[in-house]
Amino acid sequence: MKEELIQKLEELIKVELTDEVLAKADELKNEYLKVFDEINREQQQKFMEDGGNSDDFEPKKDPLDARFAEIMHILSDREHKYRKLLADEVTAKL
């Protein structure tokens, strides 16, 4: 599931940014975070069932999470530039 969401996000960073693209990216981000939380909850539950203390639990590192963070950073930078460009266009029209 994470792989599919990463793939869709990677496709979005290749297209021209619009409000629709940003909305879709936000949807995919929220889906990814839900999956991330669910996997961590399952791992923590198993850890505790095996006798571990919840305070000692550390989720397993997943390289997909690092790629997700990179993509979110790229999208954030692009959104910032996009919003600035729109604001500059509005200012130029005044």
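Just so you know, residue 1 is the first one in the sequence shown, and it goes up from there.
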Following the transitive rule for hydrophobic clusters with a side-chain heavy-atom cut-off under 4.5 Å over Ile, Leu, Val, Met, Phe, Trp and Tyr, establish whether L85 and V15 coincide in one cluster.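 Cluster IDs for L85 and V15 differ.
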Report whether M48 and I39 are members of the same hydrophobic cluster (ILVMFWY, side-chain heavy atoms less than 4.5 Å apart, transitive linking).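 In one cluster: no.
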Apply side chain to side chain contact (heavy atoms under 4.5 Å, CB included) to the pair L33 and F68, showing each step before the final yes or no. CA-CA 10 Å; L33 292 174; F68 172 76; 3.9 Å; yes
N-O pairing of [X] and [Y] below 4.0 Å:
X: K81; Y: D77; answer: no
X: K8; Y: E4; answer: yes
X: D88; Y: K84; answer: yes
X: D26; Y: K29; answer: yes

Are the side chains of [Y] and [X] in contact, using a 4.5 Å heavy-atom criterion?
X: Q45; Y: E49; result: yes
X: M72; Y: L9; result: yes
X: K93; Y: V90; result: no
X: E3; Y: L64; result: yes

Can you tell me how far the [atom1] atom of [X] sits from the [atom2] atom of [Y], to the nearest 0.5 Å?
X: I71; Y: I13; atom1: CD1; atom2: CD1; answer: 5.5 Å
X: Q43; Y: E58; atom1: CD; atom2: CD; answer: 11.5 Å
X: R67; Y: K2; atom1: CZ; atom2: NZ; answer: 14.5 Å
X: L17; Y: Y82; atom1: CG; atom2: OH; answer: 6.5 Å

Decide yes or no on side chain to side chain contact (heavy atoms under 4.5 Å, CB included) for E79 and L75, but give the supporting numbers first. CA-CA 6 Å; E79 180 179 10; L75 284 169; over 6 Å; no
If you compare all heavy atoms of [X] against all heavy atoms of [Y], which two are closest, and at what distance to 0.1 Å?
X: E31; Y: M1; value: OE1-CE, 4.2 Å
X: L28; Y: L12; value: CD1-CD1, 3.7 Å
X: Y32; Y: D65; value: OH-OD1, 2.5 Å

Tell me, yes or no, whether the heavy-atom count around E89 atom CD, taken from other residues, nucleotides or ligands under 6.0 Å, exceeds 12.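 Yes, because the 6.0 Å sphere around CD of E89 holds more than 12 heavy atoms from other groups.
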